Colleague: 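The structure under discussion is supplied below as structure tokens; questions concerning it will follow.
We count residues from 1, following the sequence as given. Computed from a predicted structure; not experimentally measured. All values below come from the heavy atoms of this structure, side chains included, with hydrogens, waters and symmetry mates left out.
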Amino acid sequence: MSCREDLEVELNFLGFLLLENRLKPDTAQVILGLKKAGLRSVMVTGDNIQTAISVARECGIVGMTEDVQIVTADQTKMTWAWTADMTQEDRKMLSRELAKGRPDDKIHLAVSGLSFENIRKFHPEGLKKVGRVGKFRLN
């Protein structure tokens, strides 16, 4: 059993608590202006990775028809998993581009802080790949 399963026993449901942090009204326009100027926006947040992807879509960092690869890593392995928004054919094409080291502009990465630290410590070859796909230098 996981820790969560150990903790979530004999609980009584009392209700939901919803928290919402809305974007500022001009955020999407600013991001669009940066894109038009040829500048790439990168989001760094402490939010849950799915929340971060949703916010990135809402403000225009990630297009609504573009997909994201969630990169996770522990001490032993590093995995890349597509989110559910993309067709199988598009995934295959983008995976081929990744393998060739020529990522398409429509490839976006989402990496948690813990996974990034594990990549840095235990998967230096993966760090180079993340940097290549993310189009920034890490050395």
Colleague: What's the separation between atom SG in C59 and atom CD1 in I61, rounded to the nearest 0.5 Å?
Modeller: 3.5 Å

Colleague: Which pairs pass salt bridge (charged side-chain N to carboxylate O under 4.0 Å, His left out) with one or both residues in residues 7-17, sequence neighbours excluded?
Modeller: R4-E8

Colleague: Rounded to the nearest 0.5 Å, what separates atom OG1 in T76 from atom CG in N118?
Modeller: 9.5 Å

Colleague: Grouping I, L, V, M, F, W and Y whenever their side-chain heavy atoms are under 4.5 Å apart, do L32 and L39 come out in a common cluster?
Modeller: no

Colleague: Do F116 and V71 belong together in a cluster built from hydrophobic side chains that touch within less than 4.5 Å?
Modeller: yes

Colleague: What are the two closest non-hydrogen atoms of V55 and M43, and how far apart are they?
Modeller: CG1-SD, 4.1 Å

Colleague: Under the ring-ring contact (aromatic ring centres under 6.0 Å, His included) rule, what pairs show up with a residue in residues 39-63, not counting sequence neighbours?
Modeller: none

Colleague: Can you name the residues that form a side-chain contact (heavy atoms from CB on, under 4.5 Å) with E58, not counting sequence neighbours?
Modeller: L23

Colleague: What residues, two or more places apart in sequence or in another chain, satisfy side-chain contact (heavy atoms from CB on, under 4.5 Å) together with A110?
Modeller: I49, I53, V68, I70

Colleague: Mind listing the closest non-hydrogen atom pair of A73 and I119 along with its distance?
Modeller: CB-CG1, 3.5 Å

Colleague: Any ring-ring contact (aromatic ring centres under 6.0 Å, His included) pairs touching residues 34-77, not counting sequence neighbours?
Modeller: none

Colleague: Can you name the side-chain hydrogen bond (donor to acceptor under 3.5 Å, both in side chains) partners of D47, sequence neighbours left out?
Modeller: none

Colleague: List, by chain and number, the other hydrophobic cluster members for L11, where Ile, Leu, Val, Met, Phe, Trp and Tyr join if side-chain heavy atoms come within less than 4.5 Å, directly or indirectly.
Modeller: none

Colleague: Linking Ile, Leu, Val, Met, Phe, Trp and Tyr through side-chain heavy atoms less than 4.5 Å apart, which residues share a cluster with F13?
Modeller: F16

Colleague: Suppose we screen for side-chain hydrogen bond (donor to acceptor under 3.5 Å, both in side chains). Which residues come up paired with T27, at least two apart in sequence or across chains?
Modeller: none

Colleague: Among residues two or more places apart or on two chains, list those pairs meeting ring-ring contact (aromatic ring centres under 6.0 Å, His included) that have a residue in residues 32-75.
Modeller: none

Colleague: Residues in side-chain contact (heavy atoms from CB on, under 4.5 Å) with K77, at least two apart?
Modeller: D74, T79

Colleague: Under 4.5 Å between side-chain heavy atoms, hopping through other hydrophobics if needed: is there a path connecting F122 to V111?
Modeller: no

Colleague: Taking only residues two or more places apart in sequence, or in another chain, which ones meet Q29 in a side-chain hydrogen bond (donor to acceptor under 3.5 Å, both in side chains)?
Modeller: none

